[in-house]
2 protein chains.
Amino acid sequence: MEPGKAGVGKRIAKGSRRAARVAKPSRSAKRTTPAAKAARPKLSSGDLSHSLGYRIRRAQLWVFKDVSRRLAAFDISPAQFSVLSLIEANPGVNQLAIAQSLSIERAGLGRLVDHLERRGLVQRSASAINRRYYVLYLTEAGTALLARLRPAIAESEKTLAAKIGPRAFSELQRALSVFLQDP
Amino acid sequence: MEPGKAGVGKRIAKGSRRAARVAKPSRSAKRTTPAAKAARPKLSSGDLSHSLGYRIRRAQLWVFKDVSRRLAAFDISPAQFSVLSLIEANPGVNQLAIAQSLSIERAGLGRLVDHLERRGLVQRSASAINRRYYVLYLTEAGTALLARLRPAIAESEKTLAAKIGPRAFSELQRALSVFLQDP
DNA sequence: TATTGTTATACTCTATAACTATA
DNA sequence: TATAGTTATAGAGTATAACAATA
């Protein structure tokens with residue numbers, strides 16, 4: 001069958017009014033279902049659930065959702081936490097080294113550090129020996145915040161370990177350690 | 001130390017010319033380093049490498065990079081592959097069921113299905129019994145493409161298994177299976 | 001009134017590319 | 001010529017919010 005055949009691609013504009021957007025504040029949405037969601041017949045996941053990529057994505061969704069929720073109490077994202085941790089472990093690093101270590105684009109990392117600097121968590125100063133570099137340090141505020149973030153991360157892991165069992169948790173940690181080497 | 005003190009936040013506009021953007025086509029960039037990248041001293045990852053979230057992200061980077069590269073040969077993303085797989089395993093599903101099963105927003109899924117429909121891989125037709133529904137089926141082209149995608153995924157997993165060892169691979173699969181249950 | 005799907009908006013990530021300043 | 005960093009841009013993904021059609 002060729003692409004674009006047999007009724008495929010019809011979809012007559014079902015609601016083509018636009019540009020209304022009056023921002024009516026009342027009638028606050030609740031478009032996520034309360035119940036009647038459990039009453040739906042579950043989908044077969046087919047081969048998908050056997051694929052490693054799918055499983056890793058499920059794991060990431062689970063773990064990141066919980067970690068993000070806990071870090072959000074400090075207005076910090078997982079990526080920001082990683083950067084703070086790396087700066088603390090390597091005082092005076094430059095931005096490119098962090099970007100490469102975390103597999104983040106240097107442009108994106110620059111914006112991220114901008115934000116941390118504006119919040120007074122990171123000090124960015126020009127290197128004396130090579131003026132192309134910015135060297136990064138945690139401020140006292142950054143060090144203090146990081147000390148409060150770590151227990152939040154630990155709480156998250158403890159919760160997961162309790163949910164899946166400490167044995168399964170440590171096996172998971174061990175199995176994932178193969179990815180810590182170079183990419 | 002308060003935020004915004006002691007030289008923090010200075011950053012004197014180091015290159016404030018903008019709006020040049022002439023799109024000179026020659027001199028094609030090569031801004032990623034050829035060598036001299038191995039010569040850099042490696043960063044200490046500090047506590048970060050012990051955190052589960054960090055390990056899962058490393059794993060995801062590794063696996064998705066390889067899978068994406070292989071699927072890109074068919075101009076398909078991992079998310080599109082998942083949707084095609086789910087439609088094949090559940091002919092006649094509606095969009096919301098897929099979105100919930102994959103933890104994708106329904107708005108984003110709509111755009112994704114739009115794309116697959118335009119390529120003639122998915123047929124989207126109105127349900128006869130409930131006219132709010134679109135029911136989704138793979139076209140013959142979609143079925144045929146999926147049959148060619150699966151070996152690409154299998155190749156990727158085989159490559160990883162060879163790299164880390166079949167024992168480590170199956171332990172990884174088993175350890176990750178705890179996330180297949182409900183979130 | 002609740003549900004399915006679409007559209008719009010915004011914000012983040014990612015990936016490129018071009019540019020400045022420096023080496 | 002190569003490197004560190006910034007800026008701009010475009011594409012995805014995510015998260016809301018509003019809306020139409022339908023139940």
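Values reported hereafter were calculated over all heavy atoms of this structure, with side chains retained and with hydrogens, waters and symmetry mates removed. Just so we're on the same page: letters track the sequence lines, and every chain starts at 1.
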Subject >> A:Arg106 side chain, from C-beta outward: closest of C:dT4, C:dT16, C:dA18 >> reply: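 Looking only at side-chain atoms, A:Arg106 lies closest to C:dA18.
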
Subject >> B:Leu96 vs B:Gln100 side-chain heavy atoms within contact, under 4.5 Å >> reply: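 They are in side-chain contact.
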
**OP:** Find out whether B:Ser85 and A:Asp47 are in side-chain contact, i.e. whether some heavy atom of one side chain is under 4.5 Å from a heavy atom of the other.
**Re:**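 SC-SC contact between B:Ser85 and A:Asp47 ruled out.
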
Original post:
If each of A:Gly108 and A:Ile129 is mapped to the nucleotide of DNA chain C with the nearest heavy atom, which maps nearer the 5' terminus, i.e. the 5' end?
Top reply: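 Result of the comparison: A:Gly108.
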
Original post:
Between B:Arg132 and D:dA21, does any side-chain N or O lie under 4.0 Å from OP1 or OP2?
Top reply: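 It does not, given that no N or O in the side chain of B:Arg132 lies less than 4.0 Å from OP1 or OP2 of D:dA21.
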
Original post:
So does B:Asn94 get a side-chain nitrogen or oxygen closer than 4.0 Å to the phosphate oxygens (OP1/OP2) of C:dG5?
Top reply: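 Affirmative; the distance criterion is met.
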
Between [X] ([atom1]) and [N] ([atom2]), how many Å, whole number?
X: B:Arg124; N: C:dT4; atom1: CZ; atom2: P; result: 16 Å
X: B:Leu112; N: D:dG11; atom1: CG; atom2: P; result: 16 Å
X: B:Glu105; N: D:dA18; atom1: CD; atom2: C1'; result: 14 Å
X: A:Tyr134; N: C:dA23; atom1: OH; atom2: P; result: 13 Å
X: A:Tyr133; N: D:dT6; atom1: OH; atom2: C1'; result: 17 Å
X: A:Leu61; N: D:dG13; atom1: CG; atom2: C1'; result: 12 Å

Original post:
Starting at the 5' end of DNA chain D, which residue's closest nucleotide do you reach first, A:Arg57 or A:Ala107?
Top reply: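 Its nucleotide being nearer the 5' end, the pick is A:Ala107.
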
Original post:
Want to settle it: does B:Arg111 or A:Leu109 sit nearer the 5' end of DNA chain D, counting the closest nucleotide to each?
Top reply: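 The residue closer to the strand's 5' end, by nearest nucleotide, is A:Leu109.
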
**OP:** Please determine, by modelled atom types, if B:Thr139 and B:Arg119 share a side-chain donor-acceptor pair under 3.5 angstrom.
**Re:**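 The criterion, which ignores hydrogens and geometry beyond distance, is not satisfied for B:Arg119 and B:Thr139.
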
**OP:** Give one of base, sugar-phosphate or nothing for A:Ala79, where a contact means two heavy atoms less than 4.0 Å apart.
**Re:**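 Here A:Ala79 touches no strand at all.
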
